[in-house]
S.K.: 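Dumping the structure here so I can ask a few things about it.
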Amino acid sequence: MGRTERLQLIRDIERERKSRVLVYITGDRKGLETKIATDSFPFILNHLSQIGPVEKIDLYLYSTGGITMAGYALANIIREFCQSFNVIIPFKALSCATLIALGADEIIMTKMGQLSPIDPSVNSPLGPRVPIPGPPGASQIVPLSVEDVISYLNLATKELGLDEDKDLVARIFDRLSQSVHPLALGSVNRVREQIVFLAKTLLSSHIQDENRIESTVETLIKGRFSHDYLIGRKEAKDVMGLAVVDVSADIDKRIIQLYQEYDTLLQLSVPYHPESILGASDIATGIFDRAIIESDNLTHVFRTTKEITRVSLGPPTVPAPTTGYQERPLDERWLLDNTI
């Protein structure tokens, strides 16, 4: 299949759903990952403007996450163009993508569709550092999981029963502050409150039951204990009470076929390795399509072009002689490409 067949699948879904479909895929190809971010908004707005005000928009969404505020804003932007905002989940819609789905009147999930908890991580220059391979002393900042911090404090105060000993609790918090900058811990508290507010706001756009909203948010933020927990269609619908709806076998089949087309186009299932570009050469240029925004007859792609060089490494950089790779970005941007 190619572009013609892919766009026909979009039109088939639109016809069956009596809607307009907007595709937004941020790729998770290993080594070339992208995420939901506001840099895509001008191009999404281009598609929405072409679609115009309509009764129903289905966002066909595949992503492993991104910037929380970008997800919240995206759901609100789409609602400006339609009366009914719905999300189609062919496979992965994790973290920030799950947050987007909370704002949908209807969620259409295939049998392999996945949601996840929405507990965020904080990326801060003041976050904790961990050693990495390379020169002596090399390190990198790691994201600070909001729920990991809360769980550490809960372990001390609740599980170990230390909440009555105020001096001991203070020492435990002081020990945490020595490992994690106090301003980073402040960000954790702020971000946690923010994600609760955003989730409740999105749910309240189509749900009136406050208890149901409270329960859903509580479950998605800390009720599944791990950010890596995957929520399937049945659990999302029957346990969490999300707005998951049934569709015909024909629509379900087309949703999966469309995902397979994007899987091939963006090589989502093919881990990236420099050798696949270099071949027998020591230097080559690679072009990678890493994300896509698409609607009927309009396609924007996030494309990276980079120069890749095979190099030989030895002590003291690495313990033993080995082959390494240098990658120099030449161009990276969203662009219109109605040929792919």
Side-chain angles (χ1 to χ4, degrees), residues 1-27 36 40-41 43-63 74-93 97-98 100-115 202 205-206 232-234 236-237 242-266 268 289 291-301 336-340:
M1 286 188 176
R3 177 179 178 80
T4 300
E5 292 80 8
R6 193 173 71 245
L7 294 183
Q8 185 58 54
L9 284 170
I10 290 176
R11 292 168 189 146
D12 289 344
I13 295 172
E14 289 180 331
R15 184 183 65 254
E16 293 292 328
R17 289 273 303 159
K18 296 180 174 58
S19 69
R20 296 302 305 275
V21 171
L22 173 65
V23 175
Y24 184 31
I25 293 177
T26 64
I36 295 168
S40 63
F41 283 12
F43 309 98
I44 288 174
L45 186 60
N46 192 338
H47 288 253
L48 291 171
S49 297
Q50 178 172 285
I51 291 172
V54 293
E55 175 64 27
K56 183 190 294 187
I57 291 179
D58 290 338
L59 176 65
Y60 187 100
L61 181 63
Y62 176 95
S63 176
L74 177 59
N76 289 327
I77 289 171
I78 295 175
R79 277 208 176 271
E80 292 290 330
F81 289 83
C82 61
Q83 297 299 313
S84 175
F85 164 52
N86 312 293
V87 173
I88 297 175
I89 301 172
F91 187 9
K92 301 175 186 178
T98 295
I100 293 171
L102 295 185
D105 297 302
E106 295 180 350
I107 302 172
I108 299 96
M109 296 177 69
T110 67
K111 290 181 176 61
M112 68 176 182
Q114 299 172 354
L115 301 173
L202 288 172
S205 67
H206 57 93
R233 185 182 187 280
K234 184 175 179 59
K237 181 180 181 181
L242 295 179
V244 178
V245 299
D246 298 323
V247 294
S248 69
D250 187 58
I251 293 180
D252 189 73
K253 178 181 177 181
R254 282 174 167 77
I255 290 171
I256 293 173
Q257 287 177 330
L258 185 57
Y259 167 72
Q260 291 169 341
E261 289 300 304
Y262 290 119
D263 185 24
T264 300
L265 182 64
L266 301 178
L268 299 174
D289 290 339
I292 193 167
I293 303 165
E294 191 160 58
S295 55
D296 184 10
N297 211 33
L298 184 64
T299 303
H300 286 88
V301 63
L336 176 67
D337 190 344
N338 286 335
T339 67
I340 62 173

S.K.: For residues Gln8 and Asp12, is any side-chain donor paired with an opposing acceptor at under 3.5 Å?
M.R.: yes
S.K.: Without swapping roles, check the side chain of Asp105 against the backbone of Phe85 for a donor-acceptor pair under 3.5 Å.
M.R.: yes
S.K.: Is Asp250 salt-bridged to Lys253, going by a charged N under 4.0 Å from an acidic O?
M.R.: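 Salt bridge flag = no for Lys253 with Asp250.
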S.K.: Return yes if some donor-acceptor pair links the side-chain N/O of Tyr60 with the main-chain N/O of Ser295 below 3.5 Å, else return no.
M.R.: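 Checked: no pair found.
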S.K.: Please check if the side chain of Glu5 supplies one atom and the backbone of Gly2 the other of a donor-acceptor pair under 3.5 Å.
M.R.: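 Yes; judged by distance alone, with no hydrogens or angles, the pair exists.
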S.K.: Sort out for me which residue in Ile255, Ile108, Val247 forms a side-chain contact (heavy atoms from CB on, under 4.5 Å) with Ile13.
M.R.: Ile255
S.K.: As a test of understanding, state which of Val54, Leu22, Leu45 forms a side-chain contact (heavy atoms from CB on, under 4.5 Å) with Phe81.
M.R.: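 For Phe81, the side-chain contact (heavy atoms from CB on, under 4.5 Å) check succeeds only for Leu45.
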S.K.: Do side-chain atoms of Thr98 reach the backbone of Ala93 as a donor and acceptor pair under 3.5 angstrom?
M.R.: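 The answer is yes, because a donor-acceptor pair under 3.5 Å joins these two groups.
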S.K.: Judged by atom type as modelled, is there a donor-acceptor pair below 3.5 Å linking the side chain of Arg79 to the main-chain atoms of Gly103?
M.R.: yes
S.K.: Say you draw a straight line from NZ of Lys237 to CD1 of Ile107; how long is it, rounded to the nearest 0.5 Å?
M.R.: 11.5 Å
S.K.: In Å and rounded to the nearest 0.5 Å, what is the CG to CG distance from Asn46 to Leu336?
M.R.: 7.5 Å
S.K.: Please round to the nearest 0.5 Å and tell me the distance separating atom CD of Gln83 and atom CD1 of Ile57.
M.R.: 10.5 Å
S.K.: Spell out, as yes or no, whether a donor-acceptor pair under 3.5 Å connects the side chain of Arg233 to the backbone of Met109.
M.R.: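 The answer is yes, because a donor-acceptor pair under 3.5 Å joins these two groups.
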S.K.: Which pairs pass salt bridge (Lys or Arg N to Asp or Glu O under 4.0 Å) with one or both residues in residues 44-60, sequence neighbours excluded?
M.R.: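 Applying salt bridge (Lys or Arg N to Asp or Glu O under 4.0 Å) to every pair that reaches into residues 44-60, excluding sequence neighbours, yields Arg17-Asp58.
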S.K.: Look at the rings of Tyr259 and Phe91 and say which category their plane angle falls in: under 30° parallel, 30 to 60° tilted, over 60° perpendicular.
M.R.: perpendicular
S.K.: Using the salt bridge (Lys or Arg N to Asp or Glu O under 4.0 Å) definition, which of the options Arg6, Arg15, Arg3, Arg11 pairs with Asp296?
M.R.: Arg11
S.K.: Which atoms form the tightest heavy-atom contact between Ala101 and Leu115, and what is the distance?
M.R.: CB-CD2, 4.4 Å
S.K.: Which heavy atom in Ala236 sits nearest to a heavy atom in Val244, and how many Å separate them?
M.R.: CB-CG2, 4.0 Å
